[in-house]
Amino acid sequence: MRHMVQGDTQQSLEGLVQELRRGAIVLAVLSALGDEEYGWSLRKALADRGLEVEEGTLYPLLRRLESQALLSSRWRVEDGRRRRYYRVTTEGARVRAGLLAEWRDLHTVIKELTR
Amino acid sequence: MKPWQEWIERYVHQVTRRLPERQRADVAEELRSLLGEQVEERRAASDAPAEEVALAIIAEFGEPTAAARRYAPVRPALVSAPLQQPLKFTLLLVSGVWLAFTMLWLFQIYASFHLLPLRFDFGASVGPADLIEGLLSNLGIVLLVFIGIDRLMWGQWTDEGEPWDPRDLPPLPVGAPVSRFEAALGAVFTLYLLYVLHLAPDAFVLTVSMDEREPWQLLDPEYRRLLPWLDLVLVPSLLMDAWLLWRGEMGPVERWLQVGLGLLAAGVFFRVAAGGPLTVIDHVFDPFLVGVGIVLAGVAIWRAAKMVRSARSARLVPRANGA
């Protein structure tokens with residue numbers, strides 16, 4: 001679809017796609033964090049499932065979710081490296097369930113609108 | 001430090017210096033670990049030199065100001081993170097001046113001082129409610145000025161998606177970063193004092209009296225005899241502030257100069273207190289000058305001792321291999 005639009009329209013589209021992804025990435029991160037993960041491994045896990053997230057977006061997002069008490073973190077030493085591992089908190093799990101329900105409702109609505 | 005590590009360090013420094021202080025060490029360590037690991041992983045998969053790989057990874061992460069903004073806490077703030085420290089300093093300074101004048105007022109020494117747009121008016125007719133109102137209005141003016149500066153500089157923060165070259169990252173500072181705003185504030189204040197003392201003592205709107213019917217100028221008519229001593233402190237202070245404003249960091253030379261300036265200022269204050277007259281209330285001002293001199297000398301000696309101790313322990317620690 002991107003090849004069919006040009007110039008300013010392309011720019012608008014990219015901006016809107018970014019906005020769409022922004023909310024989705026939060027849900028994706030909360031969903032992908034099953035056990036403890038650190039930033040790099042989480043990014044790979046998301047990429048393996050088809051969602052490419054830039055490092056400059058993902059790592060600050062993890063911090064932000066932690067500041068909102070949706071994630072907790074701790075430093076661990078592995079392979080001679082100190083890494084910050086994240087996991088979902090109880091509150092994070094509640095928010096994840098809520099977001100997932102919203103996502104499913106939205107999906108149903110959009111599917112209905114685009115029939 | 002290997003060249004690719006130097007680039008990573010430069011980038012981490014530029015991102016984290018824009019963050020609130022309590023976040024810096026933690027974010028720096030995490031960024032260093034993540035970026036370093038990415039460099040090693042990509043190098044294992046390609047033949048590209050480590051330096052090029054590091055620069056590519058840094059470029060993908062984003063321009064430092066934009067990256068720092070993504071790390072910044074979501075909660076709203078009146079001014080952006082880089083201005084928060086200078087704001088706190090200025091608010092403390094204004095509160096300190098207000099407190100000093102309140103102390104004079106308590107002793108029924110009435111004074112007024114105007115440093116546009118700030119006003120400190122403490123006369124006999126002033127009551128406690130006026131004191132509080134004065135403090136709040138001065139703090140409010142400072143806040144409005146900083147909010148205005150922040151909004152004027154807003155364009156600096158909105159650089160998402162702008163192309164940038166990581167090779168433009170400045171080298172790591174040798175010394176500790178210095179707030180340019182504080183250096184500028186110090187320079188402006190010192191210039192103001194020099195101007196008033198030399199050229200416009202009557203414009204020095206600080207009137208002091210024991211009762212409001214006969215206001216006096218604070219400076220004694222004979223104060224000019226002490227000007228060479230005051231210049232001995234004020235001129236080097238101004239030069240130091242200008243230098244720090246330009247350089248933006250305080251290295252070992254600057255630290256030793258600061259120690260020297262502190263001792264010099266203490267000596268001059270003792271001399272002025274012992275000689276005089278400087279002000280019409282020297283019976284209050286001289287002990288204050290002596291007290292400030294003792295504090296300045298104490299701080300200077302403490303700083304010097306700390307630097308000597310650091311230098312000694314640095315000599316005792318062997319250099320790490322491969323650094």
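So that the names make sense, note that chain A is the first sequence line, chain B the second, and so on, each numbered from 1.
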Heavy-atom distances under 4.5 Å only: say whether V27(B) touches chain A with side chain, backbone, both or neither. both

Between E37(B) and Y38(A): side-chain donor-acceptor atoms closer than 3.5 Å: yes

Take atom CH2 in W256(B); do more than 12 heavy atoms of anything else shown fall under 6.0 Å from it? yes

Are more than 12 heavy atoms from other residues, nucleotides or ligands located less than 6.0 Å from atom OH of Y85(A)? yes

Of the listed residues (R83(A), R63(A), R43(A)), which shares the most heavy-atom pairs with chain B below a 4.5 Å separation? R63(A)

Does the side chain of W40(A) come under 3.5 Å of the side chain of E41(B) through a donor N or O and an acceptor N or O? yes

Hey, is E40(B) close enough to R81(A) for a salt bridge, meaning N to O under 4.0 Å? yes

Where is the tightest heavy-atom contact between Y71(B) and R64(A), given as atom of each residue plus distance? N-NH2, 4.4 Å

Before giving the answer on side-chain contact (heavy atoms from CB on, under 4.5 Å), spell out for W75(A) and E30(B) the whole-Å C-alpha distance, their side-chain angles and the decisive distance to 0.1 Å. CA-CA 9 Å; W75(A) 287 100; E30(B) 188 179 16; 3.8 Å; yes

Taking L31(B)'s backbone N and O only, do any of them form a donor-acceptor pair with R84(A)'s side chain (distance below 3.5 Å, no angle check)? no

Report the distance from atom OG of S41(A) to atom CG of L34(B), rounding to the nearest 0.5 Å. 9.5 Å

Would R70(B) and L61(A) count as a side-chain contact (heavy atoms from CB on, under 4.5 Å) here? Give the steps. CA-CA 8 Å; R70(B) 290 193 290 270; L61(A) 176 62; over 6 Å; no

For D48(A), is the CG atom crowded, meaning more than 12 foreign heavy atoms sit under 6.0 Å from it? yes

side-chain contact (heavy atoms from CB on, under 4.5 Å) assessment of R82(A) paired with R32(B): CA-CA 10 Å; R82(A) 251 168 78 86; R32(B) 221 175 263 125; over 6 Å; no

Assess whether side-chain contact (heavy atoms from CB on, under 4.5 Å) is satisfied between E60(B) and E54(A), documenting all intermediate values. CA-CA 8 Å; E60(B) 287 164 24; E54(A) 289 168 358; over 6 Å; no

